[in-house]
Amino acid sequence: MENNLAKNYSPKEFEDRLYKAWEESGAFHAEIDKTKKPFTILMPPPNITGQLHMGHALDQTLQDALTRYKRMQGFCTLWLPGTDHASIATEVKVVDKLKKETGLGKEDIGREAFLERAWAWKEEFGGRIKNQVRKMGSSCDWERERFTMDEGCSNAVKKHFINLYNKGLIYRGNRLINWCPVCGSALSDIEVEHVDKQGKYWYFRYPGVDGGEGITVATSRPETMFADTAIAVNPSDERYKDMVGKKVILPLVGREIPIIADEYPDPEKGTGAVKITPSADPNDFEVGQRHNLDKPVAIDEHAKMTAICGKYQGMDRYECRKAWVADLDAAGYLVKTEDMTIPTGECYRCHNVVEPRISDQWFVKMKPLAEPAIETVRKGECAFVPERFDKTYFHWMEDIKDWCISRQLWWGHRIPAYYCEECGEMIVAEDTPAVCPKCGCTHFKQDEDALDTWFSSALWPFSTLGWPKDTEELKYFYPTSVLVTGYDIIFFWVARMVFSSMEVMGEKPFDHVLIHGLVRDAQGRKMSKSLGNGIDPLEMIDVYGADALRFMLLFGNAPGNDMRFSTEKIEAARNFANKLWNASRFVIMNLKEEDGSFKPMATAETAKLAAEDKWMFSVINDAIGDITSNMDKFELGLAEAKIYELIWNYFCDWYIELTKSRLYNGDEETKMSVRYSLVTCLKNLLKLLHPFMPFITEEIWSFLPADEGAAKFLMLESWPEYKAEKLFADDVAAIETAIGIIKAIRNIRSKAEAAPSKKLHAVILADAGYKASALAAEDHIKTQANVSEVSYIDSKDQVPGEAMSDAMPGVEIYVPLDDLMDYKAEYERLLSEKKRLEGEVSRIEGKLSNQGFVAKAPEKIVNAEREKLVGYKDQLEKTLARIPVVEAKLK
RNA sequence: GGGCGGUUAGCUCAGCUGGUUAGAGCGCCUCCGUCACAUGGAGGAGGCCGUAGGUUCGAGUCCUAUACCGCCCACCA
């Protein structure tokens, strides 16, 4: 190993190496340990279709940060990874590939051969995404990795299906469902996306059978007319009262259809009369049920016109629409057209327009399942973070419709229902039945359909832990601790896991649901393939490192809110890593001999700590408290901002600088103490940062001297402990004073435009309470502000005549600058200072003269205000005294 | 038509249960190649916290309206 870190932070040099070392050592593996409390996260299984995108990267980062944090806190931490077979999405891809390679469709090669290809796809792409997850540094337990179609998960699906069926919660029905003609499958309601499209209303006249005027109705889908079975009007609608019960003629088709009265039509809308097409519209379907109407079908599963459409048979629905409207118009039935925005349903996978279609499908009866699922969230057993998402959840759950779970696909869990080939009897069972209980024959055919992919992912919280077997894992790790996912899949997945878990396990699947937003592009647009604005996390890792990407994704983001990706942000994160890298390099440089061995170092017992050491310890301790509390509240963005500030603005900007004089000029004993202090601080910082930036922290850690009994890796070390009692109050005050004075002198220097190399003379006037601190600050003032001499004075009479000044609470700082003095700048500064202080004084005086405030506000706050007032008044007085002096110099 | 979120510095965003002079990153201005780091250091400018009311001793934070922007849900011919 090298002696020290390389000069530049270069994550490629170590990220992959460290991941491999972690994984091979078994550090990610969670073995049941009943002496510890479990902490469990189940990874939302990425689809095997794609590759890692920014949304995954964010999701992974959140989970890994939580996992690493809890692991360091001593929990038995399981982060269980896996992938999803993604039934419909994968099938589409495999069909495309097949078409491209052989020109054949899936029907041509048959189910068996097709599934073989699908599994091959799974091997290839499932493997790819897993390696991408590794690139992120995710510390998940690969030994427990699962796949939604592996044997265990498949058993769970079957078992669950059968249980629900036996309880009457799964049923088969002939109903109107959403049908995607391109995917060739049924879809559930939430798989249909609603978009408004520019379209038209066409008003057509349906002439009366009696030769009368008939009735005019509007439609946005004229091609469905072939399947019309009635015209409905509201019974209260006076206009049509006399026409109810009469018949009209379907124009050009010639079929007679009745005019019926139903509550459904709204007299205010359109013409008040609605054409009823039970096979093409959910409302019409229900009207049809109520009135016992036939359900002829005009559009087939490929969105082509059926035989009932006469000469239009075989035409595409839109092609037909055009021709049909033209024909009706020519025949004089088109009354008028209107431009209109039409709400349209699209398939969430392929974005083609969905056509409602009547068919035999399987459904889950939702009401009974939803109730306990609503209850557990309402009781707070299962809590959304941030809380507002429970409204989204309730809204959906409380108004839930039955779930269509059958898909006309091959890739997925095949429905465990068997039909007797003789009598058609249906048997739901795990395996093919031997004998038909009804007719005694032995030939069965399994249901052709597969299950909705979300049916299996709904079981993820327990199927991955062994259910239906009563495993130790299930007893120990269930219910899981946190589910981390985006708000876009609350309905698809989160809600379904909750109701499935309540049904199967009788208990909520997770304590918390941490919801994150979308990662958008720099302009705030959703990243999408069609826009081509997606940013590949792997490319970012390649350029900036996984740590920088991870850090950037959490920085300054509140849970549930969308964020924008920008290279500026990731650069900032990388720069931060570089900063830490170099600060660590400085520490290590001072720890090691030429030959790489460690120089002697003090211990906790022997170290003689200076004020700055104690100050840094104290600052770190406070940060430990804050960061821990942020982590526990899932405020990872805030925790990260604090560690950033701690490392950069405290450790690098001040502490390291403050140690240098002792490090360079101190005797050996002093140096030994400084080394101890630097290492101790750095180690704590690395621990605090590790959940966010695992690689760089682990790499730096490996260069530091190991404590006795240390874990093999930083990732296995324990989280720093917060000590509630305030330590080192005097030393902390001294360093804070020193920092204040140093800043004041630098400020004066800058205002005066004095050269940085120019040695200055500082004159300090400290109030009694600050005197000791100010005296203790002398060395630091000299080294940090390039001051050659510090004088302490007791009253402002002793202020050297020509000086610029600045002040901090309790301390005034004067710098005589005989020739470099910029009196004009000083004068202006004094004036603005005067204005500021006057403002403060009057603000606080106003507050204090307010009887309400004095009477009602807590005494602590009132006193604090009084003290501030004294301080400000004092400063103001000093400033006022100084103004004429400087003014005189101006002339 | 319901519901939710946003509106804070030039840009992107934090700001927990109301309480020091409202913060960060980037950008901007001035100065600095020095021995951890120019992927850097020092100093600085910049905000009536969308608008109007209200509650309170005290409001970016709570309430009520309102205006824009965005998202989700919904069977409107």
Side-chain angles (χ1 to χ4, degrees), chain A residues 4-5 7-9 190 194 201 203 217-221 232 264-266 269-277 281-286 342-343 356 386 388-389 391-392 395-396 399 487-488 490-491 517-518 522 524 526 544 548 552 555-558 560-566 568-569 571-590 629-630 633 635 637-638 641 644-645 652-653 656-657 660 664 743 746-751 753-757 785 836 839-840 843-844 847-848 850-858 860-862 864-865 868 872:
Chain A
N4 198 345
L5 302 170
K7 175 147 193 241
N8 284 310
Y9 164 64
I190 49 173
H194 296 273
Y201 278 176
Y203 289 78
V217 298
T219 178
S220 60
R221 295 193 297 158
Y264 164 59
D266 181 345
K269 285 176 188 156
T271 63
V274 187
K275 73 186 210 48
I276 299 299
T277 323
D281 181 281
N283 288 308
D284 295 7
F285 182 82
E286 284 182 16
I342 309 294
R388 66 171 186 270
F389 287 101
K391 286 201 193 82
T392 313
H395 184 251
W396 189 67
D399 189 36
Y487 59 70
D488 50 334
I490 290 176
F491 304 142
L518 266 37
K526 207 166 162 173
Y544 300 100
M552 173 268 169
F555 197 79
N557 182 242
N561 288 1
D562 289 354
M563 64 168 306
R564 295 188 194 202
F565 185 92
S566 72
E568 286 77 14
K569 284 189 201 170
E571 269 172 25
R574 190 269 322 267
N575 293 351
F576 170 61
N578 185 248
K579 185 73 183 177
L580 172 66
W581 184 263
N582 279 290
S584 304
R585 204 160 65 89
F586 170 82
V587 173
I588 293 163
M589 185 180 85
N590 284 291
S629 125
N630 287 142
K633 288 187 277 183
E635 296 164 350
L638 289 179
Y644 178 97
E645 188 190 25
C652 295
D653 288 352
I656 285 186
E657 295 307 321
K660 280 181 179 171
Y664 297 151
K743 284 191 158 181
R746 286 174 178 168
N747 189 350
I748 291 170
R749 184 194 291 277
S750 172
K751 284 257 161 33
E753 292 180 350
S757 55
R836 183 182 75 87
E840 291 300 336
R843 188 179 62 81
I844 297 176
K847 225 171 177 179
L848 288 172
N850 180 335
Q851 280 314 306
F853 174 71
V854 177
K856 294 187 189 173
K860 218 172 87 187
I861 286 171
V862 176
E865 291 295 322
K868 271 193 298 185
Y872 284 132

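What you see below is based on every heavy atom in this structure, not just the backbone, and it leaves out hydrogens, waters and symmetry mates. What you see is a predicted model; the values in this text were computed from it and never measured.
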What is the nucleic acid contact for [X], judged by heavy atoms within less than 4.0 Å: base, sugar-phosphate only, or nothing?
X	answer
F285(A)	nothing
T219(A)	sugar-phosphate
Y201(A)	sugar-phosphate
K860(A)	nothing
A864(A)	nothing
P858(A)	base
K275(A)	nothing
F565(A)	nothing

Partners meeting salt bridge (Lys or Arg N to Asp or Glu O under 4.0 Å) with [X] (sequence neighbours left out):
X	answer
R564(A)	none
E635(A)	none
K660(A)	E657(A)

Nearest to the side chain of [X] - [options]?
X	options	result
K7(A)	rC37(B), rA36(B), rA77(B)	rC37(B)
R585(A)	rG41(B), rC37(B), rG40(B)	rC37(B)
N283(A)	rG41(B), rC75(B), rA77(B)	rC75(B)
H395(A)	rC75(B), rG25(B), rG2(B)	rG2(B)
K391(A)	rA77(B), rG19(B), rC4(B)	rC4(B)
F491(A)	rC72(B), rA36(B), rG5(B)	rC72(B)

Inset, instruction - Could you list the residues that satisfy ring pair (Phe, Tyr, Trp, His ring centres under 6.0 Å) with Y9(A), not counting sequence neighbours? - result: W581(A)
Legend entry - Residues which pass ring pair (Phe, Tyr, Trp, His ring centres under 6.0 Å) with Y644(A), listed by chain and number, not counting sequence neighbours: F555(A), F576(A), W648(A)
Please give, in whole Å, the distance from [N] [atom2] to [X] [atom1]?
X	N	atom1	atom2	value
R221(A)	rC75(B)	CZ	C1'	11 Å
D266(A)	rG1(B)	CG	P	14 Å
D399(A)	rA74(B)	CG	P	8 Å
K526(A)	rC71(B)	NZ	C1'	9 Å
M552(A)	rG25(B)	CE	C1'	11 Å
L518(A)	rC72(B)	CG	C1'	12 Å
N582(A)	rG41(B)	CG	P	10 Å
F576(A)	rG25(B)	CZ	C1'	12 Å

Legend entry - Verdict with reasoning, E571(A) to R574(A), per salt bridge (charged side-chain N to carboxylate O under 4.0 Å, His left out): CA-CA 5 Å; E571(A) 269 172 25; R574(A) 190 269 322 267; 5.0 Å; no
Output a table of nitrogen or oxygen pairs between the protein and nucleotides 61-65 of chain B separated by less than 3.5 Å.
none

Report, one pair per line, the protein and nucleotides 43-45 of chain B atoms (nitrogen or oxygen only) whose separation is under 3.5 Å.
residue : atom : partner : partner atom : Å
rG43(B) : O2'  : S750(A) : OG           : 2.9
rG44(B) : OP1  : N747(A) : ND2          : 3.2

Each nucleotide N or O in nucleotides 13-17 of chain B that has a protein N or O under 3.5 Å away: list the pair and distance.
residue : atom : partner : partner atom : Å
rC13(B) : OP1  : R564(A) : NE           : 2.9
rC13(B) : O2'  : G556(A) : O            : 2.4
rA14(B) : OP1  : N561(A) : ND2          : 2.8
rA14(B) : O5'  : G556(A) : O            : 3.4
rC16(B) : O2   : K633(A) : NZ           : 3.3

Inset, instruction - Classify the side chain of E657(A) and the base of rA42(B) as holding, or not holding, a donor-acceptor pair under 3.5 Å. - result: no
Please identify each residue that fulfils side chain to side chain donor-acceptor pair (under 3.5 Å) with [X], with sequence neighbours left out.
X	value
K569(A)	none
Y203(A)	E338(A)
R585(A)	N582(A)
D653(A)	N649(A)

Legend entry - Presence of K660(A) side-chain N/O under 4.0 Å of rA36(B) phosphate oxygens OP1/OP2: yes
Legend entry - Side-chain N or O of Y872(A) closer than 4.0 Å to phosphate OP1/OP2 of rU20(B): no
Does [N] have a Watson-Crick or wobble mate here (both distances under 3.5 Å), and if so which one?
N	answer
rG43(B)	rC29(B)
rA65(B)	rU51(B)
rG58(B)	none

Legend entry - Interatomic spacing from CD1 in I276(A) to CG in D281(A) - rounded to 0.5 Å: 8.0 Å
Legend entry - Flag for N561(A)-Y487(A): side-chain donor and acceptor within less than 3.5 Å: no
